[in-house]
J.: 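Attaching a single structure in structure tokens format; questions to follow.
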Number of protein chains: 2
Amino acid sequence: MADEPQGAKLDTEAPRCDCRVVHKDRVERAIARAPLPEELREAGELFKLFADPGRLRILAALAEGELCVCDLSAVLGSGQSAVSHQLALLRTARLVKNRREGKTVYYALDDEHVKEILRVGLEHIAERTASS
Amino acid sequence: MADEPQGAKLDTEAPRCDCRVVHKDRVERAIARAPLPEELREAGELFKLFADPGRLRILAALAEGELCVCDLSAVLGSGQSAVSHQLALLRTARLVKNRREGKTVYYALDDEHVKEILRVGLEHIAERTASS
DNA sequence: TGAACATATGAACATATATTCATATAATAC
DNA sequence: GTATTATATGAATATATGTTCATATGTTCA
């Protein structure tokens, strides 16, 4: 808990911070156990897709079953173009898949984790709201 | 699966979409079961905090134990100011808490869901990487 | 073939976000 | 008190993101 001897040549990489690293052991452990930068980057991209109410609503709706773009547009109350753009993002990330049936394109979830991520996020909100 | 009779006055709200609602039943069910707009908004805000590699790294590091700002700066390899700004966001959302000990401020996770959300997200990345 | 419909997509624009710089606050040592 | 260290924060800037508009693609029907 107390201060480390300071002269230590740790610096752990570059002189990126204007303060001295206070806890060499903790820092090294955190770096050692941290997920790879690439994993963090990709996880960030994933969470970004969940970081919009419209997309969340799309995903929640699809969790109940397949819907076409027009249905989704009605559910969201937003324009077809906006929905298509959002769906394109979700499709690129393989969170949803689509199939065409005549003029209509049906979308469905394409990833088992989607429901779980939704659940955890909404659970958090519910509990926070309850306890605050 | 086929088209509905079209004259139906559903419109489910406003003429927000240029196409006709194709599946009235599905749309109504989706709307009925959807989380409240407010919940979706807040969940979006939550996921936004996980939507940045730097913040993910902060959260992952704190999952291993308490760290001070300077430690985090070293772990991330980014400047103290940037880290403080990120911590302010996480603090506002009550995902982390802090305590002061002299000049040093220690941060720690303040929410049981953080680890779970991190886990689910990273799990998704790992499995996707494995199967793609 | 052409008209109507469902969806997709590029460009433009407005807003949000992350970082940096400069500076403020808080605590300790002298 | 002043100097030093650790952290916080406002302003500015560059980048990212979401929506809209216009238009393109693909399908069905007459």
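Throughout, a chain's letter reflects where its sequence line sits, starting with A, and its residues are numbered from 1. The structure displayed is predicted, hence computed values, not measured ones.
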J.: Look at the side chain of B:Ser73 and the backbone N and O of B:Val69, then say whether any donor-acceptor pair between them is shorter than 3.5 Å.
T.: no
J.: Stems in DNA chain D: runs of 3 or more consecutive Watson-Crick or G-U pairs, distances under 3.5 Å?
T.: C:1-30 with D:1-30
J.: In chain order, what residues pass the salt bridge (charged side-chain N to carboxylate O under 4.0 Å, His left out) check against A:Arg41, with sequence neighbours excluded?
T.: A:Glu38
J.: Show me the donor-acceptor pairs, under 3.5 Å and distance only, between side chains in residues 42-49 of chain A and residues at least two apart or in other chains.
T.:
{"from": "A:Glu42", "atom 1": "OE1", "to": "B:Arg128", "atom 2": "NH2", "distance (Å)": "2.9"}
{"from": "A:Glu45", "atom 1": "OE2", "to": "A:Lys48", "atom 2": "NZ", "distance (Å)": "3.3"}

J.: Counting side-chain heavy atoms from C-beta on, which of C:dA8, D:dT7, C:dA22 comes nearest to B:Ser81?
T.: C:dA22
J.: Only counting residues at least two apart or in another chain, list the ones meeting side chain to side chain donor-acceptor pair (under 3.5 Å) with A:Arg119.
T.: A:Glu123
J.: Quick check on contacts: within residues 84-92 of chain A, what sits under 4.0 Å from DNA chain D by heavy-atom distance?
T.: A:His85, A:Gln86, A:Leu89
J.: Mind checking side chain to side chain donor-acceptor pair (under 3.5 Å) for B:Arg100 and listing every partner two or more places apart, or none if nothing turns up?
T.: none
J.: Among residues 52-62 of chain B, which contact DNA chain C at a heavy-atom distance under 4.0 Å?
T.: B:Asp52, B:Arg55
J.: Please list, chain by chain and in numerical order, all residues satisfying salt bridge (charged side-chain N to carboxylate O under 4.0 Å, His left out) with A:Arg33, sequence neighbours excluded.
T.: B:Glu64
J.: With sequence neighbours left out, what residues match B:Ala61 under side-chain contact (heavy atoms from CB on, under 4.5 Å)?
T.: A:Ala30, B:Leu67, B:Leu72, B:Val75
J.: Sequence neighbours excluded, which residues qualify as side-chain contact (heavy atoms from CB on, under 4.5 Å) partners of A:Asp111?
T.: A:Leu95, A:His113, A:Val114, B:His124
J.: B:Arg55: what forms a side chain to side chain donor-acceptor pair (under 3.5 Å) with it, not counting sequence neighbours?
T.: B:Gln86
J.: Taking only N/O atoms, report every protein-nucleotides 25-27 of chain D pair under 3.5 Å with atom names and distance.
T.:
none

J.: Using whole Å, report how far CD of B:Glu66 lies from P of D:dT7.
T.: 12 Å
J.: Does any part of the side chain of B:Cys68, heavy atoms only, come nearer than 4.5 Å to the side chain of A:His23, both counted from C-beta?
T.: yes
